Amino acid sequence: MTKTFVSDKVARFTESVIRDMSRQAAQHNAVNLAQGFPDFPAPEEIKRAAQEAVGKDINQYAITWGSRHLRAAIARQMQLWQGVTIDPETEITVCCGSTEAMMAALLATTNPGEEVIIFEPYYENYGPDTILSGAKPVFVKLRPPQELNGEWTFDEHQLRAAFHSHTKAIIVNTPNNPTGKVFSRPELELIRDLCLEFNVLAITDEIYEHILYDGAKHISLVELDGMRDRTIVINGMSKTFSVTGWRVGWAVAAPQITSAIRKVHDFLTVGAPAPLQEAGAVALSLPPTYYQDLAARYLARRNHLMPVLDKAGFLCFRPRGAYYVMTDISAFAFDNDLLFAKHLVQNIGIACVPGSSFYNDPRDGARQVRFAFCKREQTLDAAAERFRKLQIH
Ligand code: PLP
């Protein structure tokens, strides 16, 4: 009997292209504009809080679903930003990053064969996450802006057509990676109406909620009438506090859903790093100016990188939020995004993410690549210098 030692599930997805690009960047000594992690220091106060927590010997397992201090801080901030009252005792699960929170949420809520709607291009984890949980991903297209500085949009009829009696959930990521789209209130209200009509859960990944430009406003589906008990909000410390390596994130949902998520989380990881959760409580107590500065600094970085990309020959889709620029590479003589990204990392010395990794059908992303601008000024300058070698047709 032939037996393979790896599961059928694993055969259905590839390793992360984003994380692989970071490895290639290191191998070729390239400027890494691929993976979304800052190359500048995290805020002093929260590093100090982490050191103090280790010093005070908060070094054993935290309560499985999260330190009391951190859960209290999350509830307080959601009251402030979303105007929603959350019970930290029954509605919050702290996980190892929002990555685990998303996985735990899908494992806790979906049955084999149930469908999960995902807007594409999408953050690449959502595909494997749905496969691992046994659910079936159904994709709805976000169309690139048709005019300069326009918005990514979706077709209302296509979205409606994706909803069925066996649809379990829809994943909404706003502000969005990779497009930089910030979903508007009318768009979210349409999603809300469909969730109510088809009795569907919304899983909203809001990890870029504070990184907004051009007056864009973040709205969470959980704030909309009718959505309080059918939304799982996923968030975390990685992006807001520039600590992607700490692995602290959370899922917020009504008590019945939360107890299912907590069960899964417990058996996946037992708990997130205890001292870093204490530092998380300190981070979430920083004053409003922290968030204003964060957005202002990212705006400066966006405005630094976009003209560089323009000049190099990319057609840039202007992001309204998050810290990526999705671009069109039609001006370059390459058959697809993978060949272009390979050339860029090996010969020019810059790592980007091939567009196809954000689509179910690689052909849809064959003319796109994504750049991350969560980098120091000198890193962006070093990229600008290297882009001079890149030739258009
Ligand atoms: N969700 C989105 C949309 C992301 O872009 C990322 C990281 O790039 C993550 C989740 C992962 O977040 P975490 O570090 O909290 O696991």
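Remember, it's 1-based here, ligands and their atoms both numbered in the order they're listed. Residue numbers run from 1 in the order of the sequence given. Given the structure is predicted, the values throughout are model-derived calculations rather than measurements.
- Contact annotation: the side chain of Thr14 never approaches that of Asp20 to less than 4.5 Å [non-hydrogen atoms, C-beta and beyond].
- Here Trp246 has no heavy atoms under 4.0 Å from ligand 1, in either its backbone or its side chain.
- Counting atoms of ligand 1 from 1 in the listed order, those under 4.0 Å from a heavy atom of Asn173 are 3 (C).
- In this structure, Thr153 and Gln146 have side chains that are not in contact, with every pair of non-hydrogen atoms separated by 4.5 Å or more.
- Closest protein heavy atom to atom 11 (C) of ligand 1: Thr99 OG1, 3.4 Å.
- By the 4.5 Å heavy-atom criterion applied to side chains, Thr64 and His265 are counted as neighbours.
- Only the side chain of Asn177 comes within 4.0 Å of ligand 1, judged by heavy-atom distances.
- Close contacts of ligand 1 with Arg247, meaning ligand atoms under 4.0 Å from a residue heavy atom, involve 13 (P), 14 (O), 16 (O).
- Within the 4.0 Å heavy-atom criterion, neither part of Gln35 lies near ligand 1.
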Show every donor-acceptor pair shorter than 3.5 Å between a side-chain atom in residues 344-358 and any protein atom, with sequence neighbours excluded, or say none if there are none.
residue	atom	partner	partner atom	Å
Asn347	ND2	His343	ND1	2.9
Ser356	OG	Asp337	OD2	2.6
Ser357	OG	Pro354	O	2.9

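- Among Cys95, Gly236, Ser98, the residue whose heavy atom lies closest to atom 15 (O) of ligand 1 is Ser98.
- Looking only at atom types and distance, the side chain of Glu278 has a donor-acceptor partner in the side chain of His69 under 3.5 Å away.
- For a threshold of 3.5 Å applied to N or O pairs, the pair formed by Thr244 and ligand 1 contains no separation below that value.
- Taking 4.5 Å as the limit, every side-chain heavy atom of Phe317 sits out of range of all side-chain heavy atoms of Pro178.
- One finds the CD atom of Glu120 at 4.0 Å from the NZ atom of Lys141 (value rounded to the nearest 0.5 Å).
- Close contacts between ligand 1 and Ser238 involve ligand atoms 13 (P), 14 (O), 15 (O) [criterion: under 4.0 Å to a heavy atom].
- Of the N or O atoms in Asp205, one or more lie within a sub-3.5 Å distance of an N or O in ligand 1.
- Shortest contact from atom 9 (C) of ligand 1 to any protein heavy atom: Ile207 CD1, 3.4 Å.
- Glu209 and Gln82 share a side-chain donor-acceptor pair at under 3.5 Å.
- If you number the atoms of ligand 1 from 1 as listed, the ones under 4.0 Å from a heavy atom of Tyr208 come out as 3 (C), 4 (C), 5 (O), 7 (C), 8 (O).
- Atom numbering of ligand 1 starts at 1 in the shown order; those under 4.0 Å from a heavy atom of Gly97 are 15 (O), 16 (O).
- A salt bridge is defined here as a Lys NZ or Arg NE, NH1 or NH2 lying under 4.0 Å from an Asp or Glu carboxylate O, and Glu45 with Arg48 fails to meet this definition.
- Across Phe139, Trp152, Tyr359, a single residue satisfies ring pair (Phe, Tyr, Trp, His ring centres under 6.0 Å) together with Tyr122, and that is Phe139.
- The side chain of Tyr126, and not its backbone, has at least one atom closer than 4.0 Å to an atom of ligand 1 (non-hydrogen atoms only; side chain from C-beta on).
- Near Lys239, meaning under 4.0 Å from any of its heavy atoms, are these atoms of ligand 1: 6 (C), 7 (C), 8 (O).
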